[in-house]
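A short write-up of the structure that comes next.
Heavy atoms only: backbone and side chains are in, while hydrogens, waters and symmetry mates are out.
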Number of protein chains: 2
Amino acid sequence: MQNSEAIALSAAVLAVAGELTQRINEGVVARGFEGVRPAHGFAFVRLAPDGATVTDLAAHLGVTKQAASQLVEELVRRGYVERRPHPVDARARLIVLTELGWACTRAAEEAAADAVRPWVELLGEGEVRVLCDRLLRIAPYGPIRPTW
Amino acid sequence: MQNSEAIALSAAVLAVAGELTQRINEGVVARGFEGVRPAHGFAFVRLAPDGATVTDLAAHLGVTKQAASQLVEELVRRGYVERRPHPVDARARLIVLTELGWACTRAAEEAAADAVRPWVELLGEGEVRVLCDRLLRIAPYGPIRPTW
DNA sequence: CCAAGATGGTCAAGCTGCTTGACTATATGG
DNA sequence: CCATATAGTCAAGCAGCTTGACCATCTTGG
């Protein structure tokens, strides 16, 4: 594979990622959740199952824990998450989604489904599944960084 | 396709994009081009063929022209590009890559090839080409935004 | 041909989100 | 029980973007 092809492929990946991020965020905002940034969505993904600590979140987002702490503070102010005492570690706090946070997460899922729908119409559901499989094999643990 | 699958697919795309951006940037830095950010690479792509104006660049990067102007100023200081009078519009300036800028672009292509190589080994060259084709069909003109 | 508005570019000031550094409180291991 | 590591926060600073203002040059309609 030639270098120029590699660049073209990279550009394609980045274009898809950019469009996807933009569409999902717009979709979430359109559903009435104002003031949310893509980074918040990335945080929600990590918080969704059982909550997480600030340090977990920082590692997940690829930022310092101070930055993660600020992000949590903002989400608390907006009512999307709340800090609870950690069940086994008195130093730590468990950040969990509020009901509003869950609603926002569901909105993001809907927005993602809307964003992906044109792909299915274009390529067919089977091809999209194959695409997803390929991507997961390529970078199963790629960084979810809010900023480049 | 269910909402949860759409989210999984989105996460996969973003993970691949994140890893790719990181690897290319590291590869460029490793080849001796210091102080370059991914955003610079996105600018180089637009400048490479025949140069571009600040306004073109701003549109391409999805930022204000002031921001694009600052980015150009930085690239000029580092010796990657130079401002030339525009051939047909005395208001505008044509930003073109210097020899150093071209060298950096080639380094980025090499780094991209390095980053993509594992994919080829994992999926085979044919599958990767198919992947590229699919991505280009999904978002042929997706935004190349340096920041989310 | 000229006046009026549109467009290309830059300067300046401000804001946002990140970083580094310092600190307290709690956990853990010898 | 003390030494060190870890969770979290506060504070200050910085980088990169934005908005607002401005000048130079172009384009257009009368």
Side-chain angles (χ1 to χ4, degrees), chain A residues 18 21-22 25 29 34-44 46-47 50-78 80-96 143-148, chain B residues 18 21-22 25 29 34-44 46-47 50-78 80-96 143-148:
Chain A
T21 305
Q22 193 174 311
N25 200 54
V29 171
E34 294 185 11
V36 284
R37 290 177 291 129
H40 298 151
F42 301 151
F44 283 11
R46 181 69 185 78
L47 295 176
D50 306 298
T53 66
V54 164
T55 301
D56 288 340
L57 211 48
H60 180 72
L61 296 176
V63 298
T64 61
K65 55 183 183 173
Q66 292 91 326
S69 185
Q70 287 176 7
L71 190 142
V72 167
E73 175 58 28
E74 188 183 343
L75 291 176
V76 169
R77 274 205 318 273
R78 295 185 184 276
Y80 291 113
V81 307
E82 60 184 25
R83 291 183 239 246
R84 293 191 180 166
H86 194 281
V88 302
D89 188 336
R91 295 171 305 176
R93 299 185 180 196
L94 193 62
I95 316 298
V96 296
I144 303 295
R145 305 219 52 194
T147 308
W148 294 337
Chain B
T21 304
Q22 192 173 311
N25 200 53
V29 170
E34 294 185 11
V36 283
R37 291 177 291 129
H40 297 149
F42 302 150
F44 283 11
R46 181 68 185 79
L47 295 175
D50 305 298
T53 66
V54 165
T55 300
D56 288 340
L57 211 47
H60 179 72
L61 296 177
V63 298
T64 61
K65 55 184 183 173
Q66 292 91 324
S69 184
Q70 288 177 5
L71 190 142
V72 166
E73 174 58 29
E74 188 182 343
L75 290 176
V76 168
R77 275 206 316 274
R78 295 186 184 276
Y80 291 113
V81 307
E82 60 184 24
R83 291 184 238 247
R84 293 192 181 166
H86 195 283
V88 302
D89 189 337
R91 295 171 304 177
R93 299 184 182 197
L94 193 63
I95 315 298
V96 296
I144 304 295
R145 305 219 50 194
T147 308
W148 294 336

Can you give one letter per nucleotide of nucleotides 20-26 of chain D, going 5' to 3': B for a protein heavy atom under 4.0 Å from the base, S for sugar-phosphate only, - for none? B---BBS
Check the distance between C:dT16's C1' and A:R77's CZ and give it to me in whole angstrom. 12 Å
Whole-Å distance between C:dG9 P and B:L94 CG? 9 Å
Round to the nearest Å and state the distance from B:R83 atom CZ to C:dT10 atom C1'. 9 Å
I need the CD-C1' distance between A:E73 and C:dG17, as an integer number of Å. 15 Å
Side-chain contact check for B:E74: nearest option of D:dG16, C:dG17, C:dT10 is D:dG16
Pairs under 3.5 angstrom only: tabulate donor-acceptor contacts from the side chains of residues 64-73 of chain A to other protein residues two or more places apart or in another chain.
unit_1	atom_1	unit_2	atom_2	d
A:T64	OG1	A:A67	N	3.2
A:E73	OE1	A:R83	NH2	2.3

Taking five pairs at each end, how big is the angle between the two axes of the helix from C:dC1-D:dG30 to C:dG30-D:dC1, to 10°? 30°
Atom NE2 in A:H40, atom CG in A:L47: separation rounded to 0.5 Å? 11.0 Å
For residues A:L61 and A:A39, report the shortest heavy-atom separation together with the two atoms involved. CD2-O, 4.3 Å
Got a second to check how far B:F44's CZ is from B:L57's CG, nearest 0.5 Å? 10.0 Å
Between B:Q70 and B:T53, whichever has its closest DNA chain C nucleotide further toward 5' is B:T53
Of the options C:dT10, D:dT19, D:dT9, whose atoms approach the side-chain atoms of B:S69 most closely? C:dT10
For B:H86 and D:dT27, what is the distance between atoms NE2 and P respectively, to the nearest whole Å? 11 Å
Nucleotide C:dG17, atom P - distance to CG of A:L61 in whole Å: 14 Å
Shortest non-hydrogen contact between B:T53 and B:A92, atoms and distance: CG2-CB, 4.2 Å
For B:T64, report the nucleic acid contact type (base, sugar-phosphate, nothing); a contact means any heavy atom under 4.0 Å. base
Where the side chain of A:V54 is concerned, which of D:dT9, D:dA7, C:dT19 is the nearest nucleotide? D:dT9
Does the side chain of B:T55 get closer than 4.0 angstrom to OP1 or OP2 of C:dG9 through an N or O atom? yes
According to a strict under-4.0 Å criterion, is A:R37 in side-chain N/O contact with OP1 or OP2 of C:dG17? yes
Can you tell me the distance, in whole Å, between the CZ atom of A:R93 and the P atom of C:dT26? 11 Å
Consider the side chain of A:A67, meaning its heavy atoms from C-beta on, and name the nucleotide among D:dA7, D:dT18, C:dT19 that approaches it most closely. C:dT19
d(CZ, A:F42; P, C:dG17) in whole Å: 15 Å
At their closest point, which heavy atom of B:E34 faces which heavy atom of B:Y80, and how far apart are they? O-OH, 3.8 Å
Considering non-hydrogen atoms only, spot the tightest contact between B:N25 and B:R37 and give its length. OD1-C, 3.7 Å
